[in-house]
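For reference, the structure discussed in these notes is given below.
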Amino acid sequence: QVQLAESGGGLVQPGDSLTLSCVAPGMTIRNYVMGWFRQAPGKTREFVAAISAFALVTNYSESVKGRFTISKDNAANVVYLQLNSLNPEDTARYYCAARRYYVRIHVGDEYDYWGQGTQVTVSS
């Protein structure tokens, strides 16, 4: 059974950085497109970033472009999301997701596998 597990969230101050990790036991992530989504209380799930199977292509939402970086270590089977210059609007639960094809990568419903999420709270 494929499982994704996120870690690295926490409570930080505006301007701080965090690195989120997503491990995927039972899945070879080099065969998958990996995405990060987030959901804040009372809001719909939002696409954050995606990376292609061989890490040649990445995409970001406009709200995080230039501040967040998605990467994957196919050898270690881990996906990362580096969050820099965090602000209170970034407060959300962050989810890792996987799918086979790099199309409509911002559409969460088209991802096949999801983790339980990790909470990021940005507050002074």
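These numbers come from the heavy atoms of this one structure, side chains and all, not from hydrogens, waters or symmetry mates.
Both Ile51 and Tyr113 belong to a common hydrophobic cluster when Ile, Leu, Val, Met, Phe, Trp and Tyr are linked at side-chain heavy-atom distances under 4.5 angstrom. Hydrophobic cluster membership differs between Leu20 and Val78, with clusters built from Ile, Leu, Val, Met, Phe, Trp and Tyr side chains linked at under 4.5 angstrom. Linking Ile, Leu, Val, Met, Phe, Trp and Tyr residues whenever their side-chain heavy atoms come within less than 4.5 Å places Val64 and Val120 in a single cluster. Both Val33 and Val57 sit in one connected hydrophobic cluster of ILVMFWY residues. Membership requires side-chain heavy atoms under 4.5 Å apart, directly or through other members. Side-chain heavy atoms closer than 4.5 Å link hydrophobic residues (I, L, V, M, F, W, Y) into clusters, and following such links, possibly through other members, connects Val79 to Tyr32.
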* Asked: Could you walk me through whether Leu4 and Tyr95 pass the side-chain contact (heavy atoms from CB on, under 4.5 Å) check?
  -> CA-CA 9 Å; Leu4 303 178; Tyr95 297 88; over 6 Å; no
* Asked: Given the rule in the salt bridge (Lys or Arg N to Asp or Glu O under 4.0 Å) test, do Asp109 and Arg104 qualify, once you have shown the distances and angles that lead to the verdict?
  -> CA-CA 10 Å; Asp109 288 347; Arg104 297 184 297 277; over 6 Å; no
* **Test side-chain contact (heavy atoms from CB on, under 4.5 Å) applied to Leu86 and Leu18, step by step** => CA-CA 8 Å; Leu86 285 161; Leu18 278 176; 4.2 Å; yes
* Asked: Could you go step by step and tell me if Cys96 and Trp36 meet the side-chain contact (heavy atoms from CB on, under 4.5 Å) rule?
  -> CA-CA 5 Å; Cys96 175; Trp36 285 95; 4.1 Å; yes
* Test Met27 against Val23 for side-chain contact (heavy atoms from CB on, under 4.5 Å), laying out the working first. => CA-CA 9 Å; Met27 170 190 285; Val23 296; over 6 Å; no
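Atom SG in Cys22 sits 11.0 Å away from atom CH2 in Trp114 (nearest 0.5 Å). Taking OG1 from Thr91 and NZ from Lys43, the interatomic distance works out to 9.5 Å, rounded to the nearest 0.5 Å. Annotation: the span from Ser71 atom OG to Leu81 atom CG amounts to 8.5 Å, rounded to 0.5 Å.
A donor-acceptor contact shorter than 3.5 Å links the side chain of Thr118 to the backbone of Gly9. At distances below 3.5 Å, not a single donor-acceptor pair connects side-chain atoms of Arg93 with backbone N or O atoms of Gln39. Side chain of Lys72 to backbone of Met34: no donor-acceptor contact under 3.5 angstrom is found.
Gln119 places none of its side-chain heavy atoms less than 4.5 Å from the side chain of Leu11.
Side-chain contact, Tyr102 with Asn59: a donor N or O sits under 3.5 Å from an acceptor N or O. Inspection of the Ser61 and Ser63 side chains reveals an N or O donor paired with an N or O acceptor under 3.5 Å.
Applying the ring pair (Phe, Tyr, Trp, His ring centres under 6.0 Å) test to residues at least two apart or on different chains, none of the pairs has a partner in residues 54-82. Annotation: side chain to side chain donor-acceptor pair (under 3.5 Å) contacts involving residues 13-24, sequence neighbours excluded, comprise Ser17-Asn84, Thr19-Gln82.
Between Glu6 and Gly115, the shortest heavy-atom contact is OE2-CA, 3.2 Å. Across all non-hydrogen atoms, the minimal contact from Ala50 to Tyr111 is CB-OH, 3.8 Å.
Shown are Asp90, Val122, Asn87; of these, the side chain to side chain contact (heavy atoms under 4.5 Å, CB included) with Pro14 is made only by Val122.
The ring-ring contact (aromatic ring centres under 6.0 Å, His included) check on Phe47 picks up Phe37, with sequence neighbours excluded.
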